[in-house]
Amino acid sequence: MKVKVLYFSSIKDKLKKSVEFFEIKEGCEVHDLIKEIQKKYPDLSENLKNIMIAVNEEYADMQTKLKNGDTVALIPPVSGG
């Protein structure tokens with residue numbers, strides 16, 4: 001199945017892209033997708049430690065089951081003033 005991944009903030013800056021599609025196995029959960037992303041981009045491990053996750057514009061956790069066509073947003077912590 002195919003899911004769309006949206007990157008924000010420091011992750012977007014590091015990868016120099018804001019969107020990417022991943023082919024994952026049926027029945028995968030968010031944590032499985034994160035493992036695939038870490039495999040593809042090992043230098044992102046630190047950036048992925050404290051992220052917020054949204055699936056189809058609703059906050060989700062690592063055990064959220066993914067379905068074909070889902071959109072997953074990876075939102076790292078941001079600071080500013």
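All residue numbers in this chain count up from 1 along the given sequence. Computed from a prediction, not measured in an experiment: that's the story for all the values here.
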* Enter the distance from Cys28:SG to Lys67:NZ here, rounded to the nearest 0.5 Å. => 13.5 Å

* **Lys/Arg N to Asp/Glu carboxylate O, Lys40 vs Glu20, below 4.0 Å** => yes

* To do: Could you tell me which non-hydrogen atom of Asn50 sits nearest to which non-hydrogen atom of Pro77, and how far apart they are?
  => O-CD, 3.5 Å

* Structure fact -> Separation between CE (Met1) and NZ (Lys25), nearest 0.5 Å, reads 11.5 Å

* **Gap separating the CD1 atom of Ile53 from the NE2 atom of His31, nearest 0.5 angstrom** => 10.5 Å

* **Lys/Arg cation over aromatic Phe21: Lys2, 6.0 Å, 45° cone** => yes

* Examine Ile34 and Phe8 and state if one hydrophobic cluster contains both, with Ile, Leu, Val, Met, Phe, Trp and Tyr joined whenever side-chain heavy atoms are less than 4.5 Å apart. => no

* Asked: Is Leu48 close to Ile11 at the side-chain level, that is, under 4.5 Å between some pair of heavy atoms?
  -> yes

* **Neighbour count >12 (heavy atoms, 6.0 Å) for atom CD, Gln63** => yes

* **Leu44 versus Lys14, closest heavy-atom pair with distance** => CD2-CD, 3.6 Å

* Asked: If you take all heavy atoms of Ala60 and Val55, which pair is closest and at what distance?
  -> CB-CG2, 3.7 Å

* So if you build clusters from Ile, Leu, Val, Met, Phe, Trp, Tyr with side-chain heavy-atom gaps below 4.5 Å, do Tyr59 and Met62 land together? -> no

* In terms of side-chain heavy atoms, does Thr64 have a donor or acceptor partner in Asp61 at a distance below 3.5 Å? -> yes

* Glu23 atom CD, neighbour heavy-atom count above 12 within 6.0 Å -> yes

* Asked: Going from CD on Glu36 to CD1 on Ile24, what distance comes out if it is rounded to the nearest 0.5 angstrom?
  -> 8.5 Å

* Transitively linked via ILVMFWY side-chain contacts under 4.5 Å: Tyr41 with Leu74? -> yes

* Structure fact -> Of all heavy-atom pairs linking Gly27 and Lys65, the shortest is O-NZ, 3.8 Å

* Hydrophobic cluster identity match, Ile75 and Val72, side-chain contacts under 4.5 Å -> no

* Structure fact -> Interatomic distance, NZ@Lys12 vs CG@Leu6, rounded to 0.5 Å, equals 10.0 Å

* Donor-acceptor contact below 3.5 Å, side chain Asp70 vs main chain Val3 -> no

* Asked: Between Val19 and Tyr7, is any pair of side-chain heavy atoms under 4.5 Å apart?
  -> no

* Kindly indicate whether the side chain of Asn47, heavy atoms from C-beta on, has any atom under 4.5 Å from the side chain of Ser10. => yes

* Asked: Hey, quick one: are Val30 and Met52 part of the same hydrophobic cluster, counting side-chain heavy atoms closer than 4.5 Å, chains of contacts allowed?
  -> no

* Partners meeting side-chain contact (heavy atoms from CB on, under 4.5 Å) with Ser45 (sequence neighbours left out) -> Gln38

